[in-house]
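This report refers to the structure that appears directly beneath it.
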Amino acid sequence: MGKYWNEKIECMEREEMLALQSQRLVKQVRHVWDNVPYYRKKMEEKGVTPQDIKGVEDLYKLPFLSKADLRDAYPYGLLAKPLSDCVRIHSTSGTTGKRVVAFYTQNDVDMWEDCVARAITAAGGTKDDVCQVAYGYGLFTGGAGLHGGSHKVGCLTLPMSSGNTERQIQFMQDLGATILCCTPSYAAYIGETVKKMGLTPDDLKLKAGIFGAEPWTEEMRQQIQASLGIKAYDIYGLTESSGPGVAFECQCQHGMHINEDNFIAEIIDPETGEVLPDGEKGELVFTSITKEAFPLLRYRTRDICVLTRGKCECGRTLVRMAKPMGRSDDMLIIRGVNVFPSQIESVLLKMHNVSPNYQIVVGRENNTDTFEVRVEITEEMFNDTIRSIEELEKKISQEMLSVLGIKAKIRLVEPNSIPRSEGKAVRVIDNRKLLD
Ligand code: DLL
């Protein structure tokens with residue numbers, strides 16, 4: 001088995017890819033215009049018709065879609081196929097407002113699973129692997145997405161879902177799982193539990209992990225790799241665009257390759273909506289050019305990242321996106337300074353004697369924001385002197401100030417005192433929202 005799932009597409013020359021995207025885009029715009037009155041109205045308001053879209057170069061003429069549109073049109077307003085042609089529904093894990101529901105035809109499911117198969121193959125997966133899927137199953141796309149891709153590759157699939165961590169590890173050992181798929185925070189927890197159970201990575205057959213659904217840093221990657229004895233790969237996606245597999249990491253781990261034959265990516269200035277050149281940081285926007293049931297055009301993801309072109313050493317020509325540094329709506333504004341949880345994680349994981357378990361607590365006192373970072377220390381540190389604990393607090397506080405530009409109160413807490421997550425981690429508690 002080669003290192004590509006679909007070499008022709010994954011290594012396609014730029015000109016050819018642009019021609020393919022253009023042809024698919026023209027067809028998709030017509031499909032949406034004919035079948036989605038909600039978006040057609042948006043196009044009419046902007047004075048655009050399908051005739052104006054002759055290729056990728058005309059993409060900028062189309063109106064954006066946002067999460068607010070999806071909520072407005074809930075549940076069927078953006079459906080582009082009769083419900084009788086749809087075979088599946090998934091939904092976002094968001095906790096505020098109405099959930100977003102996405103619909104899939106059988107062709108949509110096939111395309112999605114094909115994208116995930118590319119990710120598994122890029123992580124070294126073949127039909128000889130045992131793939132343990134520990135993302136949640138259900139409305140969340142993680143379980144179903146990795147499950148479908150794993151089948152497609154022909155791996156022996158272990159549909160564990162998340163939770164019951166000791167049993168998870170027991171199965172991993174007994175059935176010789178070689179690939180683990182879950183959120184990075186859950187992978188870190190599994191790593192911790194392996195150690196607690198008196199096992200080492202040598203007791204497991206794992207070789208790779210495919211982790212995504214939430215931001216995670218390079219430092220976190222190193223920790224997970226060491227605790228499980230694997231190479232850890234990033235995977236990106238969102239319910240609105242089908243699920244995991246919109247982009248995936250290859251062996252080179254220099255950004256995630258976007259499946260451009262199905263999704264056209266743009267980076268825009270989140271304030272003005274202006275399209276930014278490759279290499280500039282901004283909000284990621286996706287246009288799905290092959291989806292039938294729920295084909296979003298110029299969907300604003302709120303994810304902040306950077307695109308890089310140029311051939312990767314793996315041979316793929318697909319554009320790469322950097323690890324998203326957070327969502328524009330996850331960005332905290334503390335005392336007027338923009339703070340991303342990923343910056344805090346990066347500082348903490350560079351320190352010795354702290355674990356990757358932390359929580360950011362923001363509040364307000366006397367009209368001023370309070371900003372506290374709780375972080376667990378390791379067992380070894382816990383048994384150390386108060387003086388050395390105070391020194392560590394001071395060191396973290398200084399480093400945080402130099403990276404973020406504002407002072408955080410660092411509170412070192414006992415090992416295992418911060419709740420663990422089996423899905424997406426809850427890193428931020430913003431008590432200011434209750435006060436507003
Ligand atoms: O999280 C889909 C998914 C499942 C991706 C499993 C990867 C693995 P949603 O619940 O709709 O879908 O959340 C989508 O999660 O807009 C990003 O903000 C964030 N996200 C997803 N993957 C990554 C990643 C799934 N690799 C939202 N790095 C997206 C950082 C990610 N953030």
Side-chain angles (χ1 to χ4, degrees), residues 65-67 70-71 89-102 104 112-113 115-116 118-120 122-123 131 133-150 161-162 179-187 209-218 220-221 224 232-249 253 255-259 263 265 270 283-286 288 294 296 299-306 320-331 340-343 345-346 421-428:
L65 267 175
S66 67
K67 202 149 205 151
L70 268 57
R71 291 200 174 119
I89 292 173
H90 281 285
S91 174
T92 55
S93 45
T95 46
T96 49
K98 271 184 193 151
R99 280 176 164 255
V100 167
V101 283
Y104 306 70
W112 176 22
E113 294 180 347
C115 289
V116 180
R118 293 181 198 175
I120 295 175
C131 183
V133 183
Y135 284 108
Y137 278 63
L139 283 172
F140 177 52
T141 55
L146 270 297
H147 182 101
S150 169
S161 196
S162 58
I179 301 178
L180 172 66
C181 309
C182 60
T183 58
S185 48
Y186 193 42
I210 304 179
F211 307 132
E214 61 184 4
W216 55 308
T217 53
E218 279 306 321
M220 179 110 165
R221 189 204 308 264
I224 297 173
Y233 295 86
D234 203 351
I235 185 167
Y236 170 89
L238 54 161
T239 316
E240 297 90 317
S241 66
S242 63
V246 170
F248 61 94
E249 232 174 20
Q253 299 185 317
M256 291 180 270
H257 292 283
I258 296 174
N259 282 311
F263 305 100
E283 180 180 341
L284 191 55
V285 172
F286 278 116
S288 58
F294 200 63
L296 303 185
Y299 181 64
R300 293 184 61 159
T301 63
R302 296 276 162 204
D303 290 320
I304 303 293
C305 81
V306 178
R320 280 168 287 161
M321 59 181 269
K323 268 180 177 303
M325 56 181 298
R327 298 171 58 84
S328 54
D329 45 6
D330 271 358
M331 188 181 76
F340 283 99
S342 58
Q343 294 174 295
E345 177 173 316
S346 199
S421 155
E422 294 162 355
K424 300 192 190 216
V426 181
R427 301 287 194 203
V428 181

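Start at 1 and go down the list; that is how both ligands and their atoms are numbered. What you see is a predicted model, and the numbers here were worked out from it, not measured in a lab.
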Practice item. Measure the distances from the heavy atoms of P215 to every atom of ligand 1 and state whether one is below 4.0 angstrom. Key: yes

Practice item. With side-chain contact (heavy atoms from CB on, under 4.5 Å) as the test, would you mind laying out the steps for I120 and F248 before giving the verdict? Key: CA-CA 9 Å; I120 295 175; F248 61 94; over 6 Å; no

Check your understanding: Under 30°, 30 to 60°, or over 60°: which ring-plane class applies to Y236 and F286, parallel, tilted or perpendicular?
Key -> tilted

Check your understanding: Any idea which atoms of ligand 1 are less than 4.0 Å away from a heavy-atom of D234?
Key -> 24 (C), 26 (N)

Review point. What about L238: any of its N or O atoms under 3.5 Å from an N or O on ligand 1?
Key: no

Point to revise | Polar contact flag for I235 and ligand 1 (N/O pairs, less than 3.5 Å) | key: yes

Review point. R302 near ligand 1, heavy-atom distance under 4.0 Å?
Key: no

**Study point:** Whether Y104 and W112 hold their rings parallel, tilted or perpendicular, with breakpoints at 30° and 60°
**Key:** parallel

**Study point:** Contact (N/O only, under 3.5 Å) between Y135 and ligand 1
**Key:** no

Review point. Can you find an N/O atom of W216 closer than 3.5 Å to an N/O atom of ligand 1?
Key: no

Point to revise | Side chain to side chain, V426 and S421, heavy atoms closer than 4.5 Å | key: no

Practice item. Indicate, as side chain, backbone, both or neither, the part of T141 found under 4.0 angstrom from ligand 1 when only non-hydrogen atoms are considered. Key: side chain

Check your understanding: Would you say ligand 1 has an N or O under 3.5 Å from any N or O of D303?
Key -> yes

Review point. Can you tell which part of E214 has a heavy atom less than 4.0 Å from ligand 1: side chain, backbone, both or neither?
Key: backbone

Practice item. Could you grab the distance from atom CZ of F140 to atom OG of S91, nearest 0.5 Å is fine? Key: 11.0 Å

Check your understanding: How long is the gap from CZ on F211 to CE on M220, to the nearest 0.5 Å?
Key -> 9.5 Å

Check your understanding: Any side-chain heavy-atom pair from L296 and L70 closer than 4.5 angstrom?
Key -> yes

